[in-house]
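All remarks here apply to the structure that follows.
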Amino acid sequence: MNKEQVKGKLDQVKGEGKEQWGKLTDDHSKEAEGKMDKAKGKLKEGYGDVKEKLSEKDDRVE
């Protein structure tokens with residue numbers, strides 16, 4: 001697991017917390033912020049997945 005994957009998972013967890021807090025407190029902006037953090041985390045994690053696959057592919061070629 002590389003840095004981007006870890007950061008992505010962390011952003012998703014943070015976003016879920018914000019989203020749930022927004023729902024609990026009826027704060028729509030905090031809820032939306034949480035959803036954006038989750039989406040950002042999924043993108044980072046996906047980038048990390050691709051980066052890792054390319055790294056593995058390079059290792060096999062050499």
For this session: Flag the pair Lys30 / Thr25 as yes when at least one side-chain heavy-atom distance between them is below 4.5 Å, and no otherwise.
Result: no
Exercise. For residues Gln5 and Asp49, is any side-chain donor paired with an opposing acceptor at under 3.5 Å?
Worked result: yes
For this session: State the NZ-NZ distance between Lys53 and Lys57, to the nearest 0.5 angstrom.
Result: 10.5 Å
For this session: Kindly compute the distance separating CE (Met36) from CD (Glu31), expressed to the nearest 0.5 Å.
Result: 14.0 Å
Exercise. Is the shortest side-chain N to carboxylate O distance from Lys18 to Glu33 below 4.0 Å?
Worked result: yes
Exercise. Have Gln12 and Glu16 got a donor and an acceptor in their side chains that come within less than 3.5 Å?
Worked result: no
For this session: Might you point out which heavy atoms bring Asp37 and Lys14 nearest each other, and give the distance in Å?
Result: OD2-CE, 3.9 Å
Problem set entry | Check ion pair Lys44-Asp11 (N to O, under 4.0 angstrom) | yes
Exercise. Can you find a heavy atom in the side chain of Glu4 that is under 4.5 Å from one in the side chain of Glu45?
Worked result: no
Exercise. How many angstroms lie between CD in Glu19 and CG in Leu24, if you round to the nearest 0.5 Å?
Worked result: 12.5 Å
